[in-house]
Amino acid sequence: MPEERAISECDVAVVGAGIAGAYVAWQLSTLRVPRLAAGLRELAEANGGRLRVALFESSHRIGGRLFSVSLPGLDGVKGELGGMRFTSAHHRVMRLVDKFGLKFRPFRVADPENRNLYYLRGQHFSEADWSRPDFVPPYRLERGERIRSPGSLLIEAALRHQPCLARCPERYRNVGFWNLLLEEYSDQAYHLIRDAGGYESLVGNWSAADAIPFLLADFAQGLEYFALEDGFQALPCRIARAFEERGGRIVTGHALARIDRDSAADRPSLRLTFHRNE
């Protein structure tokens with residue numbers, strides 16, 4: 001196991017250099033004394049009016065769940081292993097993209113000509129086939145479930161429960177979303193949604209109280225979708241660079257191992273110990 005090593009002193013330590021960690025560290029580095037909470041003002045005043053902020057990351061890259069890779073043989077094309085799009089409703093993301101001058105482009109979610117392809121249970125067909133009266137998908141669907149695409153089945157279930165969720169949110173808080181779908185549809189329809197919906201995580205057993213508003217917001221009518229030209233990892237990397245430009249310190253390859261109270265310090269403080277990841 002790598003040797004434990006304590007990192008140098010700072011006023012605020014942010015652990016995790018994903019999009020949230022990079023953003024928090026950058027924001028803290030921009031705050032001046034009048035905008036700080038009382039407990040932080042003294043620390044900032046002792047350092048010329050700014051906090052000493054350090055950002056720690058266990059891996060050797062910035063970005064966390066946002067991970068963009070260059071595809072071999074495709075110059076300038078980025079493959080996304082994390083986030084892949086944002087929408088016109090994500091106002092904070094839009095403001096950050098604009099602030100840091102990142103290039104973005106429209107992201108096509110649906111084909112208006114319904115040419116998207118499916119391969120399910122050994123059969124090939126296209127999106128357009130769902131509108132054919134004689135189309136029989138390879139699932140034993142009940143009468144009311146036929147000739148409806150997997151996406152339609154998913155959104156229709158969310159729409160049916162939206163009014164009741166607004167009136168009685170506690171009723172849905174401890175209901176798993178896959179349990180709700182299995183109450184709405186047959187087992188075969190549920191498997192169709194899971195196999196062909198495109199996002200297995202959406203039909204997992206997360207709280208229906210969270211799943212329903214998320215689905216209806218992320219797939220709302222008239223919503224525009226965008227992707228970053230240089231990949232989504234470019235956003236946390238650019239924020240982290242702005243943090244460094246303001247005097248912040250980034251330490252990668254260090255995993256948090258332990259937090260202790262530092263009784264020897266003049267004021268109440270914590271000592272963070274990290275493992276160095278080679």
Between [Y] and [X], is there a side-chain heavy-atom distance shorter than 4.5 Å?
X      : Y      : value
Leu43  : Leu51  : yes
Val53  : Trp26  : no
Pro150 : Tyr118 : yes
Leu55  : Phe243 : yes
Leu223 : Phe219 : no
Leu96  : Phe100 : yes
Phe86  : Phe232 : yes

May I have the list of side-chain donor-acceptor pairs in residues 162-176 shorter than 3.5 Å, sequence neighbours left out?
unit_1: Glu170; atom_1: OE2; unit_2: Arg173; atom_2: NE; d: 3.3
unit_1: Tyr172; atom_1: OH; unit_2: His161; atom_2: ND1; d: 2.8

Please check if atom [atom1] in [X] has more than 12 non-hydrogen atoms from other residues, nucleotides or ligands closer than 6.0 Å.
X      : atom1 : answer
Arg65  : CZ    : no
Arg61  : CZ    : yes
Asp230 : CG    : no

Distance-minimising heavy-atom pair for [X] and [Y]:
X      : Y      : result
Arg276 : Glu278 : CD-OE2, 3.1 Å
Leu120 : Ala196 : CD1-CB, 3.7 Å
Ile212 : Ala158 : CG2-O, 3.6 Å
Asp195 : Tyr139 : OD2-OH, 2.7 Å
Ala255 : Asn277 : CB-ND2, 3.7 Å
His90  : Asp218 : CE1-OD1, 4.4 Å

Do side-chain atoms of [X] reach the backbone of [Y] as a donor and acceptor pair under 3.5 angstrom?
X      : Y      : value
Glu142 : Gly144 : no
Ser58  : Gly253 : no
Asn114 : Ala128 : no
Gln233 : Phe67  : no
Tyr190 : Val203 : yes
Glu244 : Arg241 : no

Check ion pair [X]-[Y] (N to O, under 4.0 angstrom):
X      : Y      : result
Arg271 : Asp260 : no
Asp129 : Arg132 : yes
Arg115 : Glu127 : no
Lys78  : Glu229 : no

Looking at the rings of His254 and Phe56, which for Trp means the six-membered one, are their centres under 6.0 Å apart?
no
Could you please spell out the steps behind the side chain to side chain contact (heavy atoms under 4.5 Å, CB included) verdict for Asp98 and Arg95?
CA-CA 5 Å; Asp98 182 61; Arg95 286 197 295 269; 5.7 Å; no
Considering residues at least two apart in sequence or located in another chain, which fulfil the side chain to side chain donor-acceptor pair (under 3.5 Å) criterion with Glu156?
Arg148
Say whether Gln188 and Ser186, considering side chains only, have a donor N or O and an acceptor N or O under 3.5 Å apart.
no
Take Ile147 and Trp130 through the test side chain to side chain contact (heavy atoms under 4.5 Å, CB included) and record every step on the way to the result.
CA-CA 5 Å; Ile147 318 302; Trp130 295 104; 5.7 Å; no
Do you reckon Leu228 sits in the same ILVMFWY cluster as Val69, going by side-chain contacts under 4.5 Å, direct or chained?
no
In terms of the angle between their ring planes, are Phe214 and Trp206 parallel, tilted or perpendicular, with boundaries placed at 30° and 60°?
perpendicular
